[in-house]
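Accompanying notes for the structure given below.
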Amino acid sequence: MIYYNFNQQQKILFLDYQGIITTIDIAYNFEKILSDTNLPRILHIIQNEVNAEFIGTNMNINKALYYNEKLMQKFDLIKVAIIQIEPVSTAYSMLFKDLSQKQNYFIEIFSTQQTAIEWLKVRISDKE
């Protein structure tokens, strides 16, 4: 399951991945982001995957890449801070990062939420 919480004060969308995550979970989560009219045009996301187990990882990456294209059309800038601690999951996140980086889409991988939040606060584009 993916828990979804937009923190109005910090202007950060927190996605907490818990348990077994399937392609269906990922698609549902992206559809929720795309349909949320309350999110700012410059979107900062903390994606905590520490307690997640991904099933069908290659399919999940392809599905996420498909939805990333849709997100880039909706938002002016997207910064995603992925929190990972397991080596295999971190490797998949690094692959996803390499495949996803675009002019208005930035991803970094962290081991703690605090460092992830600090990175989100750093201005890395003229759009911020």
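Hydrogens, waters and symmetry mates are skipped; everything else that's a heavy atom, side chains included, is used.
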(request) With K32 as the cation and Y4 as the aromatic partner, state whether NZ or CZ is under 6.0 Å from the six-membered ring centre and within 45° of the axis. (result) yes
(message) Under 4.5 Å between side-chain heavy atoms, counting indirect links through other Ile/Leu/Val/Met/Phe/Trp/Tyr residues: same cluster for F110 and I85 or not?
(response) yes
(request) Taking the side chain as every heavy atom from C-beta outward, state whether Q113 and I117 have any atom pair closer than 4.5 Å. (result) yes
(message) Can a side-chain donor-acceptor contact be found between N29 and E31 if the only test is distance below 3.5 angstrom?
(response) no
(message) Just verifying a value: how many Å separate Q18 CD and M1 CE, rounded to the nearest 0.5 Å?
(response) 10.0 Å
(message) Under 3.5 Å, is there a donor on one side chain and an acceptor on the other for Q47 and E49?
(response) yes
(request) Check whether any side-chain heavy atom of Y3 lies under 4.5 Å from a side-chain heavy atom of N48, and answer yes or no. (result) no
(request) Starting from the C-alpha separation in whole Å, work towards a yes-or-no answer on side chain to side chain contact (heavy atoms under 4.5 Å, CB included) for I45 and L15. (result) CA-CA 7 Å; I45 300 172; L15 302 175; 3.7 Å; yes
(message) Can you tell me how far apart CH2 (W119) and CD (E108) are? Round to the nearest 0.5 Å.
(response) 5.5 Å
(message) Would you say that F75 contacts I33 through its side chain, given a criterion of any heavy-atom pair below 4.5 Å between the two side chains?
(response) yes
(request) Could you tell me whether the side chain of N5 reaches within less than 4.5 Å of the side chain of L13, counting heavy atoms only? (result) no
(message) What I'd like to find out is whether the side chain of L34 reaches to under 4.5 Å of the side chain of L71, using heavy atoms alone.
(response) yes
(request) Report yes if some heavy atom in the side chain of I12 is under 4.5 Å from a heavy atom in the side chain of L120; otherwise report no. (result) yes
(request) Could you tell me whether the side chain of I83 reaches within less than 4.5 Å of the side chain of I46, counting heavy atoms only? (result) yes
(message) If only side-chain N and O atoms count, and only distance matters, is there a donor-acceptor pair under 3.5 Å linking Q73 with E69?
(response) no
(request) Supply the atom-to-atom distance L39 CG to K11 NZ, rounded to the nearest 0.5 angstrom. (result) 10.5 Å
(message) One pair to check against side chain to side chain contact (heavy atoms under 4.5 Å, CB included): M94 and I109. What are the steps and the verdict?
(response) CA-CA 7 Å; M94 291 171 73; I109 302 159; 3.4 Å; yes
(request) Using side chain to side chain donor-acceptor pair (under 3.5 Å) as the criterion, list what pairs up with D25, not counting sequence neighbours. (result) T22
(request) Please name the pair of heavy atoms, one in I20 and one in I55, separated by the smallest distance, quoted to 0.1 Å. (result) CG2-CG1, 3.2 Å
(request) Let me see the working for I2 and I21 under side chain to side chain contact (heavy atoms under 4.5 Å, CB included), right down to the final yes or no. (result) CA-CA 8 Å; I2 303 171; I21 305 297; 3.9 Å; yes
(request) Please list all pairs passing the ring pair (Phe, Tyr, Trp, His ring centres under 6.0 Å) test where one or both residues lie in residues 11-36, with sequence neighbours left out. (result) Y17-F54, F30-Y67
(message) Please tell me whether Y66 and I107 are part of a single hydrophobic cluster in this structure, the criterion being side-chain heavy atoms less than 4.5 Å apart.
(response) yes
